Amino acid sequence: MSTGLRPVRRALIGVSDKAGLLELATGLHAAGVEIVSTGGTAKVIADAGVPVTPVEEVTGFPESLDGRVKTLHPRVHAGLLADMDRPEHVEQLKQLDIAPFDLLVVNLYPFTQTVASGASPEDCVENIDIGGPAMVRAAAKNHGSVAVVVDPARYEWVLDRVKSGGFELADRKRLAAQAYAHTAAYDTAVASWFASAYAPADDSGFPDFLGGTWERGDVLRYGENPHQKAALYKNIHGGLAHAEQLHGKAMSYNNYVDTDAARRAAYDFSEPAVAIIKHANPCGIAVGADIAEAHRKAHACDPVSAYGGVIATNRPVTLAAAEQIAEIFTEVVLAPDFDADALEVLSRKKNIRLLKLADAAGLGIELRPISGGVLLQTSDQIDAPGDSPANWTLACGTAADEKTLADLEFAWRSVRAVKSNAILLADDGATVGVGMGQVNRVDSSRLAVQRAGDRAKGSVAASDAFFPFPDGLEVLLEAGVRAVVQPGGSVRDDVVIAAAEAAGVTLYLTGTRHFAH
Ligand SMILES: NC(=O)c1ncn([C@@H]2O[C@H](COP(=O)(O)O)[C@@H](O)[C@H]2O)c1NC=O
């Protein structure tokens with residue numbers, strides 16, 4: 001069966017990123033390939049003494065308008081679009097005196113990088129490549145006859161193929177698929193920038209067009225369950241999907257979901273913090289003088305549930321912390337870094353996955369697919385006025401002393417990481433009981449109290465949303481909680497406050513809610 005092998009005799013090269021260009025051009029020339037190039041590319045090649053035909057010689061037209069017109073010419077596009085398996089195309093090229101191209105190597109003006117550099121809108125617009133994508137799309141469409149390369153990392157492989165006789169049809173198809181993904185991502189970046197930064201339709205802050213492209217990372221063993229298939233796709237914005245895995249088995253689908261929840265729970269504490277997550281909910285969050293102390297305290301919250309958990313920290317993992325973690329069966333540790341000795345200790349554990357992610361902050365927006373669409377919201381940062389104790393309203397009881405207020409603030413920050421309805425009990429910078437994911441606030445309160453056991457007495461509590469009735473709060477009061485922080489805002493706030501007052505408990509209202517569904 002024919003593999004559709006086509007030799008490379010004539011190549012068109014126009015690259016913005018000149019990395020690897022010389023090696024490529026030298027290799028192509030040595031393999032007997034005629035090279036045609038655009039201005040800057042041709043200059044680099046010619047300066048190195050490698051023969052190159054300027055594209056102007058092919059078009060008979062000068063590169064003009066500040067480079068806006070270089071390759072946009074029938075003599076270039078006919079050479080890229082002629083189907084060499086169709087005799088009439090071959091004949092037409094002959095009549096028009098146009099030579100076909102067998103290989104196109106292009107990379108585009110750096111639009112995304114220009115935007116990211118904070119360049120002026122005019123510079124960004126000028127960095128929208130027009131001729132490059134036109135050629136890439138033409139050659140990709142005509143992959144039956146032309147191989148198109150958009151990735152400098154492929155140059156070595158390209159030379160190898162050229163020297164060994166050319167590209168097979170299967171190669172050219174894969175290259176074409178890559179080329180279309182490249183131009184699609186490029187156009188999506190341009191369209192997104194126009195819609196949100198350059199020409200927004202209104203002042204809502206939400207663009208009319210929402211674009212995103214992802215490239216496949218690892219194919220995962222399975223999805224949430226073994227009968228579901230799954231793969232990781234990565235965008236260009238960094239984050240957990242790009243974390244460097246330093247050790248351990250491949251990440252699973254559920255590992256990623258839990259690690260992202262752990263990241264959200266731990267990353268924005270100013271003190272050293274550790275979050276231990278199971279099934280996307282915390283079974284312990286704590287701050288401490290260092291990571292080892294924070295881990296000890298977080299683990300003590302619910303050692304039963306912490307077994308097989310996922311840990312995130314906001315500081316590099318130290319030897320002391322690593323030795324503690326190594327004692328407990330842990331699926332994943334995510335940290336900004338690992339000290340060398342800590343890495344050595346943890347790497348002795350075959351099954352633990354160690355992920356390094358320097359910037360865990362995330363993009364500040366979240367997308368959630370729903371049937372037929374996607375919901376977009378800004379992330380639940382802890383930056384609303386109601387998140388600052390200075391703005392809390394003391395609804396009843398005595399004003400909290402410094403330690404109590406610090407615990408309430410810790411509990412308030414931590415409760416964001418708990419699925420609603422969320423009730424979180426804390427003491428001394430550590431959770432002691434977490435009630436999560438119940439469909440009423442009374443059950444969440446019962447769960448938190450039950451998990452805390454004796455530790456409920458004298459602890460502080462945070463509720464992610466208001467108590468609609470006093471019943472949930474009463475569970476906490478009976479257990480001996482000494483101070484509570486909650487948003488307030490229920491039509492029955494007066495009876496809820498009265499219940500706290502009767503128990504002599506301090507109650508603060510934040511006016512801000514932190515649901516996590
Ligand atoms: N205008 C054109 O006809 C055109 N043809 C190719 N380009 C781009 O020009 C760049 C290469 O230019 P140079 O070789 O001059 O550095 C490549 O990124 C290529 O995608 C063009 N530039 C922008 O559209």
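Counting starts at 1 for both ligands and their atoms, following the listed order. Just so it is clear, the model here is predicted, and its values are computed rather than measured.
Among pairs with a residue in residues 52-86, none fulfils ring pair (Phe, Tyr, Trp, His ring centres under 6.0 Å), at least two apart in sequence or across chains.
Applying the salt bridge (charged side-chain N to carboxylate O under 4.0 Å, His left out) rule to D268 yields the partners R413, R416; only residues at least two apart in sequence or on another chain are considered.
Not less than 6.0 angstrom separates the ring centroid of W193 from the ring centroid of F209.
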Going by atom type alone, with no hydrogens or angles, which donor-acceptor pairs under 3.5 Å involve a side-chain atom of residues 146-154 and a protein atom two or more places apart or on another chain?
from : atom 1 : to   : atom 2 : distance (Å)
D151 : OD1    : A153 : N      : 3.0
R154 : NE     : Q178 : OE1    : 3.2

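A 4.5 Å side-chain heavy-atom check between P133 and L108 finds at least one atom pair inside the cut-off.
At a heavy-atom cutoff of 4.0 Å, ligand 1 is surrounded by G14, V15, S16, K18, T38, G39, G40, T41, G67, R68, V69, K70, T71, L72, V106, N107, L108, Y109, D129, I130, G131, G132, M135.
A cation-pi geometry, defined here as NZ or CZ lying under 6.0 Å from the six-membered ring centre and within 45° of its normal, holds between R10 and F101.
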